[in-house]
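First the proteins, then the strands, lettered A, B, ... as listed; each starts at 1.
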There are 2 protein chains.
Amino acid sequence: MPMKKQKDPLCGMILHAERGKCASCEVRALSICAPLDRSALEVLADLSEVVNFRKGDSICAEGDPVDYFFTVQSGALKTCRLQSGRRDLVTGFLFGGDFLGLAFFAGQIEADTHYPYAVRALSKGRLCRLPRQAFSKFIADYPLIEKQILAKISLKLEQAENHILLLGRKNAREKISSFILQLDDAQRFARQNLESDFQGVDTVDFPLARHDIADYLGMTPETVSRALTQLKEDGLIRQLSSRCVALVQRQMLEEIAAG
Amino acid sequence: MPMKKQKDPLCGMILHAERGKCASCEVRALSICAPLDRSALEVLADLSEVVNFRKGDSICAEGDPVDYFFTVQSGALKTCRLQSGRRDLVTGFLFGGDFLGLAFFAGQIEADTHYPYAVRALSKGRLCRLPRQAFSKFIADYPLIEKQILAKISLKLEQAENHILLLGRKNAREKISSFILQLDDAQRFARQNLESDFQGVDTVDFPLARHDIADYLGMTPETVSRALTQLKEDGLIRQLSSRCVALVQRQMLEEIAAG
DNA sequence: CGGTGGGTTGAGTAACGTCAAGTAACGTGG
DNA sequence: CCACGTTACTTGACGTTACTCAACCCACCG
């Protein structure tokens, strides 16, 4: 059984570690590997391993040494900072195509670095794992990858600044509205780029629990719940299930989110 | 007279635009130019211009095209995001040695980019200005600089995550304590690296007004003031003037800041 | 059919924001 | 250098928001 507080990151996680199949990678278009050619992918496939994780698994703890980089293939993860005697703070999420290890890259690939946050799984899923040393060498030969990583860091910084604005100056209603739209954007983007032929109503899935949303938005689960029911009562969203809502009035949501 | 809301960024600002003197730059050790050799500095000096700014000047507005990069030589600036009908949010500060333009760099030096925040002066000071195009070419010849920029972006991201933690999970008292320590660290670091021979009591200068602190910490000036007097009453700090405090019990401050 | 965990709802409270008054600090012009 | 006007800062009274603690509901699972 998956323990609530895993002391052995990764140990219980790897069910079937097997050589990566980069050529047929489903999320390549979203990942840092997007610009690589056939031969580069062959080289990379020899470095990479696919590992599975289950809901609740700990990928790494705060302060762990960074021995691997990861690309998320499926599932959802959260990066969080712990505080003694208080709710954690979730600094961000990782979905298919996202890269884990960004912050440790810039300029200090050779240095011994440590994770500044813990990473935990919100659902089951799959990671592509790359040994740090080997991948660092690989990058040296394929500068295109470095550019991709730079672009991702830049994006991350922009997201962080938006998050700062949200935490610093928005109330519960505005936070929730922003969050729903954020998820919606991410899910539209993924659908579009992976060329899935899905075309339905504008619905948003929450791949996480209320308390995770709360920890991301700097509030409590109760307040999250209350803000959601308020939006529901105002007819801005419709709740299909506890983990899925339909956007009824996107325009209005955007206005609220903007403040 | 400097207007409160400047519509013409930079126009009123440049008093004496003159060729940079990189060889004798006072903040080089702190800046991205630190690793450059004599000949590189000569080249750079031809690209750069020194411009002066006064308290309240607007360096750029949100959405302005990025035509120049800057290194701060002296004085203090804030980067802020505006919100209609609400207090601004200050996302960060720039002091001597800091580089302005980081976020626009990564991976898209050639693209037409825009500032995601406004930059305003908190005091008078001096900037080193570099035309974007020319500096981008310069970087291509001196990869050391690119590494420096990467390191700075990485640092920025780390700071952003700390800021997120502060805004999301700390109360007024903890926010102020963190802020004081942050300023103290920055000021110690600057003193140390610039090898000033100053050796006094452990005091911290606030190069900014209460409302700027409030906008940075996601609170109001009144609450900032109250939190400061509380720390004063508890004997953790001593107030030498409205813009300068002495750290009486650094240890305790650190404990409070950590939560 | 009871147990469990996630989610919602309610009542009371603490923390912070708002509004307003008062005080100290500063810069300017005489 | 002083008098004045302006701005920044502090303090107080009050209102609002979101947190805390608790009960309850519901879906899912043994």
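B:S177 OG to B:L253 CG: the interatomic distance, rounded to the nearest 0.5 Å, is 5.0 Å.
Looking at A:R210, its side chain does come within 3.5 Å of a backbone N or O of A:S242 through a donor-acceptor pair.
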Check the pair B:I180, B:L247 against side-chain contact (heavy atoms from CB on, under 4.5 Å), reporting the backbone distance first and the verdict last. CA-CA 9 Å; B:I180 292 174; B:L247 305 195; 3.5 Å; yes
Dump the intermediate steps for side-chain contact (heavy atoms from CB on, under 4.5 Å) on B:L240 and B:V245, then the final yes or no. CA-CA 5 Å; B:L240 306 180; B:V245 299; 6.0 Å; no
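Nucleotide D:dT17 holds its P atom 12 Å from the CZ atom of B:R86, rounded to whole Å. Atom pair B:Q230:CD and C:dA15:C1' shows a separation of 11 Å (rounding to whole Å applied).
Looking at A:D202 and A:R188, a side-chain N of the basic residue comes within less than 4.0 Å of a carboxylate O on the acidic one, giving a salt bridge. Salt bridge absent: B:R169 and A:D88 never bring a charged side-chain N and a carboxylate O closer than 4.0 Å. B:E174 and A:R86 are joined by a salt bridge, as a carboxylate oxygen and a charged side-chain nitrogen come within less than 4.0 angstrom of each other.
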Nucleotide by nucleotide, 5' to 3', does protein get under 4.0 Å of the base (B), only the sugar-phosphate (S), or neither (-) in nucleotides 23-30 of chain D, counting heavy atoms? --------
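Tested against B:L217 for a side chain to side chain contact (heavy atoms under 4.5 Å, CB included), the candidates B:D212, B:L89, B:I176, B:V90 yield a single pass: B:I176.
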Would you tabulate the side-chain donor-acceptor contacts of residues 91-99 of chain B under 3.5 Å, counting partners in other chains and residues two or more places apart, or write 'none'?
| residue | atom | partner | partner atom | Å |
| --- | --- | --- | --- | --- |
| B:T91 | OG1 | B:T79 | O | 3.2 |
| B:T91 | OG1 | B:T79 | OG1 | 2.8 |
| B:D98 | OD2 | B:F95 | N | 2.9 |

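Taking a 6.0 Å sphere around CZ of B:R243, one finds it holds more than 12 heavy atoms contributed by other residues, nucleotides or ligands.
Against DNA chain C, the stretch residues 209-228 of chain A makes heavy-atom approaches under 4.0 Å through A:A209, A:R210, A:E222, A:S225, A:R226. A heavy atom lying under 4.0 Å from DNA chain C marks the following residues of residues 164-177 of chain B, by number: B:N171, B:A172. Interface residues of residues 238-248 of chain B facing DNA chain C, ordered by number: none; criterion, heavy-atom separation under 4.0 Å.
The cationic group of B:R129 lies under 6.0 Å from the six-membered ring centre of B:Y68 and within 45° of the ring axis, placing it in a cation-pi geometry.
For residues 244-254 of chain A, the side-chain hydrogen bond (donor to acceptor under 3.5 Å, both in side chains) pairs, not counting sequence neighbours, are A:D184-A:R250, A:D185-A:R250, A:R250-A:E254.
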